[in-house]
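Read the structure below first, then the notes.
Read the numbers this way: they start at 1 and go in the same order the structure lists the ligands and their atoms. Each residue takes its place number in the sequence, starting with 1. Source: prediction; values computed, not measured.
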Amino acid sequence: MQRTLVLVKPDGVQRGLIGQVITRLENRGLRIVAAKFMQVSRELAETHYAIHKGKPFYDGLINYITSAPVMAMVWEGPDAVAAVRQTMGSTRPREAAPGTIRHDFALDVGRNLTHASDSPENGEAEIALWFKPHELVQWQREIDRWIFE
Ligand code: IDP
Ligand code: MG
């Protein structure tokens, strides 16, 4: 079972789309492990997006992610990293496939609603950055055997 960090970014929260994002991940069969609604500090934003430092959109990205609260979550499932990114759609919403969250709810790359880890290694690192170990819940769903082969 693989785990991944998911954020509903400030635009998703402001637009009342937290529920729709969660519903799509639940519908997919993924299992929620942790969630917290929080204001992102500049320090956390800069650590999380360190890889993008120096890029033209970096300052705007830090301002965007710290501009209002986010919903931070951990989800798990088989190949959860790839599965969640597939459900989110391409970074640029106008290039995202119909049926993906970014296609169905967004237009501009700087307002693309969600974050999802891009590799299993980054997933574990991002989970450790955003959550304390005791905030991650280990549990089984009654329906798991009908979703996980
Ligand atoms: P990802 O979120 O799909 O993994 P990344 O390339 O890691 O995409 O970029 C991180 C975030 O930075 C994007 O989700 C988006 O919010 C923002 N971003 C990326 N490229 C641009 C851009 O060209 N203009 C404005 N914002 C951008
Ligand atoms: Mg990324």
Write out all pairs satisfying side-chain hydrogen bond (donor to acceptor under 3.5 Å, both in side chains) with one or both partners inside residues 72-82, taking only residues at least two apart or from two chains.
->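 Qualifying pairs, neighbours excluded: Arg31-Glu76.
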Co-members of the apolar cluster containing Ile51 [side chain, <4.5 Å] =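 So far as hydrophobic clustering goes, Ile51 is joined with none.
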Other than Phe131, which residues form its hydrophobic cluster under the rule that side-chain heavy atoms must be closer than 4.5 Å?
->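 ILVMFWY cluster around Phe131 also holds Leu5, Leu7, Val33, Met38, Val40, Leu44, Tyr49, Phe57, Tyr58, Leu61, Ile62, Tyr64, Ile65, Val70, Val74, Ile127, Leu129, Trp130, Leu136.
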Quickly, which of Ser90, Pro98, Pro93 forms a side chain to side chain contact (heavy atoms under 4.5 Å, CB included) with His103? Name it, please.
->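 One option only clears the test, and that one is Pro98.
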Taking a 3.5 Å cut-off between nitrogen or oxygen atoms, can you list every pair linking ligand 1 to the protein, with distances?
unit_1	atom_1	unit_2	atom_2	d
ligand 1	2 (O)	Arg102	NH2	3.3
ligand 1	3 (O)	Arg85	NH2	3.4
ligand 1	3 (O)	Thr91	OG1	2.5
ligand 1	3 (O)	Arg102	NH1	3.1
ligand 1	4 (O)	Arg85	NH1	3.0
ligand 1	4 (O)	Arg85	NH2	3.3
ligand 1	7 (O)	His52	NE2	2.9
ligand 1	8 (O)	Thr91	OG1	3.3
ligand 1	9 (O)	His52	NE2	3.4
ligand 1	14 (O)	Lys9	NZ	2.9
ligand 1	14 (O)	Asn112	ND2	2.8
ligand 1	16 (O)	Lys9	NZ	3.0
ligand 1	16 (O)	Val109	O	3.4
ligand 1	16 (O)	Asn112	OD1	3.3
ligand 1	23 (O)	Arg92	NH2	3.1

Which atom pair, heavy atoms only, marks the closest approach of Asn122 to Asp118?
->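 Looking at all heavy atoms of both residues, the closest pair is ND2-OD1, 2.7 Å.
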So do Met88 and Asn112 actually touch side chain to side chain, heavy atoms under 4.5 Å?
->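 No - every pair of side-chain heavy atoms lies 4.5 Å or more apart.
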